[in-house]
Amino acid sequence: MSRIYLPSDASRPQQKAARQAQDERRGIIKALSQKQISRRDLIRMGLFTGAGLLAPIRGLNPFVPNLLAQTPGGPGIPTGLPRSPLFGAAAFSQPMPRFDVLQRKPMSSLDYCSPTKEANPELQQVDPDLGGGWGPVEGRPPGPMWAHQRWDQFPPQVAVEVSQMGNQGPNTAYNPGISSYGQKLLDINPSSALPLQFHPGMPVQDENSVWTFNGTIPPKLLIGRYGEPILFRHHNRLPCDKGLNNGFGIHTLSTHEHNGHHGAENDGFTGAFFFPNQYYDYHYPILLAGFSSMNTGATDRMASSPADNGGLIQVPGDWHETMGTHWFHDHMFGFTSQNVYKGNAGMFNIYSGLDRGAEDINDGVNLRLPSGQAAKTGKSWGNLDYDINLMLSDKAFDQSGQLAMDILQFDGFLGDVMTVNLAYRPYFNVERRKYRFRILNASVSRFFKVALANTSGTAQPIYQIANDGNLLPRAIKLTELDEQGIAERYDIVIDFSKFAVGTKLHLVNLCEHQDGKLPAKDLTLAQALSGASPDPCVGRFMEFRVVCNAAYPDKSVVPGFSETYPTGVTPPTSPMLIPNPDLSQIPVAAERTFEFNRGAAVTTSGDSAAPNGPWGIAYNSGGTLAADYARISSAPKVGTREIWHLKNGGGGWDHPIHIHFEEGQVIARDGLASNVPLWERGRKDVYRLRAAGSVSLTMQFRDFAGTYMEHCHNTVHEDNAMLLRWDINPDGTAELRPLPTPVPTPQGCTFIDPDDILQD
C-alpha cells in the first residue's frame, strides 16, 4: 500500500523528516505556482521524471526513504507528508454553516458600468505588477465572436455581483436565506461576525491562504429560476503580484457555471481568463434546452417557472431537460485544481415549476420535494429551510494551520481533513421531518461514498432523487450511495420523522484512497466505522442531531414511496420525477471516441499548450495528446444528436469526465446497457469511467454555439494535460471551422488561429 499520510503513531524522527522534505519542496512549488518555471523545466533539471512524476531524490520526494526515518540496518520507511494539525478541534463540536445566499439585485444596481452585449472596451490604468499601461475594464474577449448570444432575446433581469478576494475579515453580512425559526436551529447567529477559519479552535486563515467569493465564508449560493436571466458580474480583486499566493493558486480567473445551458462566452472557457482589477459579465439566461426547436410557444405547463404569486410562468423548451443543482468554479488553464481548492467554488440552485422549493403548493406540476412552505414563509419559491446544500471537500494544513496544497502530486492531491461547507466535521440540528440535501463533491481528487448510520453503526435509509444537476426519472431507496466523483452532485432525502428527539445520526464516508489516482476500495459500513483505515477521511464526517418535532406538518413527499406521504397530503398520481427526453426518433449524426490515458505527447507549444503530461486524451484512435486549448478536436453540428464513447486507457486510475454545455444519457457502461445502474439512468454531465472502464452516452447540440471543453474533473489530471476543446460552429455546419483562440493580457485580448485541428 502506498502511503499518502504519516501514520497517526509516526515517530518524531519520521515527522521531522517529513517536514524537512516538505520544506525542501516549497521553493519548487512556489516557482511552479507563479509560472516562473514549467514542468518541462523541472524535467530538464532532473527534478521530474519523463512521466511528470517527482524524481526519487531524497529530501524532495517524501516517499523516498530518508535516513532520519530508517530503522538502523533495516529497510527504508516512507516519510509521507506531515499530518495536518487540528489544534485540539474535536469532531462534531461546531455547527454546520448553511451557504451564504448571494444578493439578487435589480439591473439598475450596475448602472455605474452598464452591462453590454459585447465586452466593455472602456480603458483603465493597469497596475505596474501587471505590466502597466492601459487595458480594458472587462476581461471578456472583445468583439462579436464573444458577444453574449441571445442577449436581445433574453436580456438579464437580475444582477448578482461577486468579488474574488483573499480573507477580508469576519463575514458581517451572512445570509443563510432561511426563516427566523430555521435560524434558531442553526446554532449560528447570522448577525454575528463569522471569521474565516475551518473550526473555532483552528487559526484564522491569512489573507492569501484562501481566495473565496467576497473574501468570506461560508460558501456562496446563487439562486435562480427558469425564464429569469441573471447577469453574474465577477470582479477579480486578487493581488496583482502573483507571488502573493501563499504557495499555490494563480491570480487569473475563468468562471465556469457547471453545465449551464448557455453560450460559450459564458461557459468559463479555460483560455478566456481575466486579470486582477478587471471584471467579467456572465449572462446566464436559464433556459430549458431545446427552447429554439420545441415547445417554442411555451404551451406546455410542465415547462414552467415559479411565479411570485404562487402560479406558473410557462417557458419554451423541453421540460424533460429541467435542471436543479448546479455549481460554479474557476477554470483557469493549468490552475483549476489550485484555485478551486483555494476557495473558488459556490453552488447554484435553479428552480422550476416542477421543483419550485415550496412543498405546500399542489398544482399538479410541483413535485413537492422537501423545502419549506409558502404559507409559512410568504415565499412561493426557493424556500431553503429544509433544502440544504452540502459541499464536501478534503483539506490539508501546514504546521501553522494555514491551508496547504502540494501541487507536485500530479497523480492527484488528497487532503487529510474532512470538511462540509468548509467546516471541519460539523453537526447539524434537524426537526423530525424530511429534508433534502444537495451534496456536491468539490474535492480536487478525492471520491466519496456516503452512507447514513445511527450511533450503533446500523445503516439507515436514504432516498436518492437526483444525480448531477438533474432529478432522476424515479427516486431510489438506498442504504449507501454510489461512489461520487469530483464535481458530481447527488441530491438525497432523509426522513428524520422516524427517529426520536435526541437521536444522533452520521454521514459516513466509505471510500478509501491510497493515492489521488483512484479510490483504493469501498469499505463496508462496519469497516469504515472501525477506525482501522489509514485514510483519515474515511468514517463519520457529519452529525445530525434530531432536536425537536416538526415546527409545522410536513407536506413534502418523495414520489413513488408511499411511506413518505404525510397524512392529509394528496399523494402524487405518478411515481416519476422527471422522465428522460426521448431521443429515439433523432438520427445519430456522428459517433466519437475519446480515450483518457497517461503518457501524453506534446505536439504544440505556446501559452495555450500544456508543457507536459503526464495525462492526456486520444481522439478517434489517434495519439494521446497533452492539452492545448487552441486545438480543436471536433465540431458537432447544431441541431444534431451524437454518441460519444469515453474510455479509460488503463486500470490504475479513474477519471470523472465532464462534458461542458450539453447533458447526456448513459446508454452503456463497459459496452452493455445492463451495466448502467439506476442512479446513472437520468441525465448527467459527469461520467465516472472506473478503472479500465468505458461509458457510452448520447446527447444533442442545440440553441447556442462557440468553444466548449471536455476534461477529467480530477482537476489535478485536468491541469496536467487531460483537457480538450470542441467547437459548435455558429452557422450550424458540421465541418471543422477554426474559431479564433483568445489570448488575454491585462492590456487587452487578441486572437490567434488554432494551433491544431483534428480531422474525423
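Just so you know, these numbers use all the heavy atoms, side chains as well, and skip hydrogens, waters and symmetry mates. Residue numbers count from 1 along this sequence.
- Nearest heavy atom pair, residue Ser443 against residue Asp394, reads OG-OD1, 2.9 Å.
- Between Asn597 and Gly649, the closest heavy-atom pair is OD1-CA, 2.8 Å.
- Not a single donor-acceptor pair under 3.5 Å links the side chain of Lys521 to the backbone N or O of Cys511.
- His717 and His655 are linked by a side-chain donor-acceptor pair at a separation below 3.5 angstrom, with hydrogens and angles left out of the test.
- For the salt bridge (Lys or Arg N to Asp or Glu O under 4.0 Å) condition, the pairs that include at least one residue of residues 92-101, sequence neighbours left out, are Asp100-Lys220.
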### Task
Start with the C-alpha distance between Tyr687 and Val666, add both sets of side-chain angles, then the distance that settles side-chain contact (heavy atoms from CB on, under 4.5 Å), and finish with yes or no.
CA-CA 8 Å; Tyr687 310 90; Val666 179; 3.8 Å; yes
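- Glu718 and Cys712 get closest at one heavy-atom pair: CB-O, 3.1 Å.
- Remark: Arg690 engages Asp482, Glu483 in a salt bridge (Lys or Arg N to Asp or Glu O under 4.0 Å) (not counting sequence neighbours).
- The shortest side-chain heavy-atom distance between Phe544 and Leu507 falls under the 4.5 Å cut-off.
- Side-chain atoms of His258 and Phe348, non-hydrogen and from C-beta on, never get closer than 4.5 Å to each other.
- Side chains of Trp211 and Asn339: a donor-acceptor N/O pair is absent below 3.5 angstrom, by distance only.
- Note: Leu523 CG to Leu529 CG = 10.0 Å, rounded to the nearest 0.5 Å.
- Val417 places none of its side-chain heavy atoms less than 4.5 Å from the side chain of Pro536.
- The minimum heavy-atom distance linking Val547 with Val501 is given by the pair O-CG1, 3.5 Å.
- Considering every non-hydrogen atom in both Leu525 and Ala459, the closest pair reads CD2-N, 3.6 Å.
- Between Leu367 and Met576, the closest heavy-atom pair is CD2-O, 3.9 Å.
- Partners of Ser674 according to the side chain to side chain contact (heavy atoms under 4.5 Å, CB included) rule, which considers only residues two or more places apart in sequence or in another chain, are Leu672.
- For Arg669, the salt bridge (Lys or Arg N to Asp or Glu O under 4.0 Å) partners two or more places apart in sequence, or in a different chain, are Glu680.
- A donor atom on one side chain and an acceptor atom on the other are not found under 3.5 Å apart for Asn429 and Arg545.
- Legend: salt bridge (Lys or Arg N to Asp or Glu O under 4.0 Å) pairs involving residues 456-471, not counting sequence neighbours, sorted by first then second residue: Asp468-Arg489, Asp468-Lys684.
- In this structure, the separation between CG on Leu646 and OG on Ser694 is 8.5 Å, given to the nearest 0.5 Å.
- Side chains of Ser456 and Asn454: a donor-acceptor N/O pair is present below 3.5 angstrom, by distance only.
- Pro426 places none of its side-chain heavy atoms less than 4.5 Å from the side chain of Phe428.
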### Task
Please lay out, stage by stage, how Arg446 and Asp535 fare under the test salt bridge (charged side-chain N to carboxylate O under 4.0 Å, His left out).
CA-CA 11 Å; Arg446 181 180 288 279; Asp535 185 343; 2.9 Å; yes
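- Side chain to side chain, Glu543 and His506 meet the donor-acceptor criterion of an N or O pair below 3.5 Å.
- The distance between the ring centers of Phe437 and Tyr490 does not fall below 6.0 angstrom.
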#### Entry: Pair Leu510-Val450, side-chain contact (heavy atoms from CB on, under 4.5 Å): steps then yes or no
CA-CA 6 Å; Leu510 309 179; Val450 174; over 6 Å; no
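- Side-chain N or O atoms of Lys395 include one that pairs as donor or acceptor with a backbone N or O of Tyr341 at under 3.5 Å.
- When side chains are defined from C-beta on, Leu505 counts as touching Leu452, because their heavy atoms get closer than 4.5 Å.
- Salt-bridge annotation for Asp387 and Arg438: present, with a side-chain N of the basic residue lying under 4.0 Å from a carboxylate O of the acidic one.
- Between Lys449 and Glu512 there is no salt bridge, since no side-chain N of the basic residue sits under 4.0 Å from a carboxylate O of the acidic one.
- Paired with Leu196 under the rule side-chain contact (heavy atoms from CB on, under 4.5 Å), one option of Asn171, Val210, Thr216 passes, and it is Val210.
- When atom types are taken as modelled, the side chain of Tyr565 and the backbone of Gly560 share a donor-acceptor pair closer than 3.5 angstrom.
- Side-chain atoms of Gln205 come within 3.5 Å of backbone atoms of Leu403 as a donor-acceptor pair (strictly under, hydrogens ignored).
- Taking the six-membered ring where tryptophan is involved, the planes of Phe198 and Phe397 are perpendicular, since the angle between them exceeds 60° and thus also 30°.
- Partners of Ala442 by side chain to side chain contact (heavy atoms under 4.5 Å, CB included), not counting sequence neighbours, listed by chain and number: Trp327, Met391, Leu440.
- Under the 3.5 Å distance criterion, with hydrogens and angles disregarded, no donor-acceptor pair is assigned to the side chains of His326 and Asn259.
- How far CG of Leu697 is from CG of Asp685: 11.0 Å, rounded to the nearest 0.5 Å.
- From Phe87, atom CZ reaches atom OG of Ser400 across 6.5 Å, with rounding to the nearest 0.5 Å.
- At a threshold of 4.5 Å between non-hydrogen side-chain atoms, the residues Thr419 and Leu392 do not count as touching.
- No side-chain donor-acceptor contact under 3.5 Å links Ser371 and Asn383.
- The residues Asp654 and Lys517 are annotated as not salt-bridged, no charged nitrogen and carboxylate oxygen being separated by less than 4.0 angstrom.
- Ring orientation note: the planes of His513 and Phe447 are tilted relative to one another, at an angle of 30° to 60°.
- Taking CD1 from Ile492 and CG from Leu478, the interatomic distance works out to 9.5 Å, rounded to the nearest 0.5 Å.
- If you look at His713 and His658, their ring centroids are closer than 6.0 Å.
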### Query
Going through the distances and angles, do Tyr386 and Glu431 end up as a side chain to side chain donor-acceptor pair (under 3.5 Å)?
CA-CA 9 Å; Tyr386 308 107; Glu431 302 170 30; 2.9 Å; yes
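- The shortest side-chain heavy-atom distance between Ile407 and Gln338 falls under the 4.5 Å cut-off.
- Looking at heavy atoms from C-beta onward, His256 lies out of side-chain contact with Phe328 at the 4.5 angstrom threshold.
- Salt-bridge annotation for Arg368 and Asp554: absent, with no side-chain N of the basic residue lying under 4.0 Å from a carboxylate O of the acidic one.
- For the residue pair Tyr463/Glu563, the side-chain donor-acceptor check at 3.5 Å is satisfied.
- Side-chain atoms of Thr336 and Asp330 include no donor-acceptor pair closer than 3.5 Å.
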### Task
Output, in order, the C-alpha distance, side-chain angles, deciding distance and verdict of side-chain contact (heavy atoms from CB on, under 4.5 Å) for Val493 and Tyr435.
CA-CA 6 Å; Val493 173; Tyr435 283 72; over 6 Å; no
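- To the nearest 0.5 Å, atoms NZ (Lys477) and OG1 (Thr564) are separated by 9.5 Å.
- Asn470 and Glu663 form a side-chain donor-acceptor contact under 3.5 Å, judged by distance and modelled atom types alone.
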